[in-house]
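These figures come from a predicted structure and were not determined experimentally. One is the number of the first residue; the rest follow in order along the sequence.
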Amino acid sequence: MATADYDVIIIGGGINGAATASSVAARGYRTLVLEQDDFASGTTSASTKLIHGGLRYLETGDARLVHTSLQSRERLLRERPHLVRPMGFILPVYEGDPRPAWYIRSGLALYDLLSPRKVSPWHSSFSERELQRFEPSISTDRLKAAYLYHDAQVWSPERLTLEYLAQARASGADLRNHAAVDYIIVDGGSARGVDFHDVLTGKRSTASGRLVVNAAGPWVDAVLDATGRSLKRRIGGTRGSHLVIDLNGRGPKHAVLASAKSDARPMFVTPWLDHHIIGTTDVRDDEDPSDVRAAGWEIDYMIAEAARILPGLGIEHRNVLYAYSGVRPLARAGDGVFEGAISRRSIVADHASEGVERLVSLVGGKLTTAADFGRSAAEAVAQQIGRPRARGIAALPKVPTSRAVFLPPETQEHLRMVYGPRAPEVAAYAASDSSLAAPVSAHHRDIGAQVAYAVEHEGARTVADVLLRRTVVGLTKDLGRSAAGPTAEVMARRLGWSDEVRDQAVRDYFAELHRRFVVIDSSAGIPPSEELSSDEVDGVEGLGG
């Protein structure tokens, strides 16, 4: 059993754990990140993919949270333009909606005032005729008013998480995915470290630390159970489900936000890559977050509401590629509190008053404010354990770079979109091995060099790690089916897999698709889960080698 010593052990490799690792490691703390699955594979990957100030939070009177979120949105737009981009939102108001036009307009005006230095223009309004010209797919039946305001979209929350982790790694952090914590070691009333195991190999390890940060998102309470103590429950999660639909190039060019007719919830239809996302629901969910899936009624509900708002598109079940769901790690609230009214604030909870010192939990958080949350967590670390131990940080090996001008212009642009300033590092793999310049699938621009880079610099260990979280190949029309074999082949050469392990890796990928998604469109080529052969589902726990 391997043993290592750290200042800070962070449990959870989602957006909050990654941002915290970036801030903590930058301050010089020897940092370990442990993620039971893959980085960004939980709630982070199941979001609506919006970077926003929280327009509807104004209804709960939380203007301070909105202001903070808007400031964070602007920083992300300026600092990470390859991932985070402005997006216009059309907000139609219909007769009978729960919020009248004057109320919406007042909220939008306040939303603008809370972000005085924003990149995008202030809100504006449409007449019915102007709306029909601007976005003809939106219903004008019983339309009372229509507005345009701006927020932003992160097209890959997973890659945003990886960028925070890359910053942490550059500061010397030790990053472990597929590493599940079995027990938090509590000695003398203080957290002293953790026992954990590698899910793919079974190898067990122990790490000692001066402070443990529980950043496990909806699994926060499960991690607290690993102390062996009876600690206060912190999470009151709600399930958010989404649909990814393929409208074959049709559909709104801007995001649409409208009130659902059946329950008055905000309903989004947002362009995303070549598809659209419909979402989201907000349902109390106390089940295992690992098994969360969209219920049939949620799928029907979202299709019906989207079809009502966009009547000319004929949105039906046949347009849906898949449904995905995640549990929001919200602070626990009473049973009588309406889901939409539960606070979205971020909390750093210290467990010292419950008998366990040097253990803090991160509750809440969202994509937009993760960096701020990470800085708050780093401040809590400094207050708890003082300055980091004096140590030198080993310099990371320099990554070769190449402009790879022989790559097609569209491939070069794609690499810039995905990796930003790190694109030359990825291109260098194609420059040194021409076989890595080829796409991994005829359906996508992603190339073999991205697979090699994911393995050697981003901790990818399974085909799903690459296709679902290092790229978006597995999230678009064919769900990465055609890319699974070529991806496994590149990984096999880098990781020394046998042919048997390589083939099992592909089968594991198909099994993970069925665990994570409700696949609606049979034309996507994924067999229904009940049709998977025993060989295909055998060894789902990993590569085992």
Checklist outcome for this item: For Thr476, the side chain to side chain contact (heavy atoms under 4.5 Å, CB included) test, sequence neighbours excluded, returns Leu273, His275, His444

Checklist entry - So, His351 versus Asn214: side-chain donor-acceptor pair below 3.5 Å or not? => result no

Next on the checklist: Please tell me whether Glu298 and Ser241 have a donor and an acceptor in their side chains that are separated by less than 3.5 angstrom.
Outcome noted: yes

Checklist entry - Sequence neighbours excluded, which residues qualify as salt bridge (charged side-chain N to carboxylate O under 4.0 Å, His left out) partners of Glu425? => result none

Next on the checklist: Under a 3.5 Å distance rule, please check whether Tyr29 uses its side chain to pair with a backbone N or O of Ala173 as donor and acceptor.
Outcome noted: no

Let me have the donor-acceptor pairs involving side chains of residues 180-191, under 3.5 Å, with sequence neighbours excluded, atom names and distances please.
{"from": "Asp182", "atom 1": "OD1", "to": "His197", "atom 2": "ND1", "distance (Å)": "3.0"}
{"from": "Asp182", "atom 1": "OD2", "to": "His197", "atom 2": "ND1", "distance (Å)": "3.1"}
{"from": "Asp182", "atom 1": "OD2", "to": "Arg204", "atom 2": "NH2", "distance (Å)": "2.7"}

Checklist entry - Can you name the residues that form a salt bridge (charged side-chain N to carboxylate O under 4.0 Å, His left out) with Arg494, not counting sequence neighbours? => result Glu456

Item to check | With His242, the side chain to side chain donor-acceptor pair (under 3.5 Å) member among Thr281, Thr48, Thr270 | outcome: Thr48

Checklist entry - Among all residues two or more places apart in sequence or in another chain, which pass the salt bridge (charged side-chain N to carboxylate O under 4.0 Å, His left out) test with Arg293? => result none

Item to check | Residues that Ala371 engages under side chain to side chain contact (heavy atoms under 4.5 Å, CB included), provided they are two or more places apart | outcome: Tyr164, Arg375

Checklist outcome for this item: Residue pairs passing the ring pair (Phe, Tyr, Trp, His ring centres under 6.0 Å) test with at least one member in residues 204-236, sequence neighbours excluded, are none

Next on the checklist: Can a donor-acceptor pair be found, under 3.5 Å and without considering hydrogens, that links the side chain of Thr238 to the backbone of Arg328?
Outcome noted: no

Item to check | Listed partners of His82 passing side chain to side chain contact (heavy atoms under 4.5 Å, CB included), at least two apart | outcome: Arg80, Glu163, Pro421

Checklist entry - Any salt bridge (charged side-chain N to carboxylate O under 4.0 Å, His left out) pairs touching residues 35-51, not counting sequence neighbours? => result Asp37-Arg516, Asp38-Arg469, Asp38-Arg470

Item to check | For Glu287, salt bridge (charged side-chain N to carboxylate O under 4.0 Å, His left out) partners two or more places apart | outcome: none

Next on the checklist: Testing the 3.5 Å rule here: is there a donor-acceptor pair between the side chains of Ser208 and Arg192?
Outcome noted: no

Checklist entry - Between Asn177 (side chain) and Gly459 (backbone), is there a donor-acceptor pair under 3.5 Å? => result yes

Checklist entry - Looking just at side-chain N and O atoms, do His414 and Tyr419 make a donor-acceptor pair shorter than 3.5 Å? => result no

Item to check | Summary of side-chain hydrogen bond (donor to acceptor under 3.5 Å, both in side chains) pairs that have at least one residue in residues 14-27, sequence neighbours excluded | outcome: Ser22-Gln167

Checklist entry - Taking only residues at least two apart or on different chains, which pairs with a member in residues 347-358 satisfy salt bridge (charged side-chain N to carboxylate O under 4.0 Å, His left out)? => result Arg234-Glu354

Next on the checklist: With a 3.5 Å distance limit and no angle check, can you tell me whether Arg169 reaches the backbone of Asp174 through a side-chain donor-acceptor pair?
Outcome noted: no

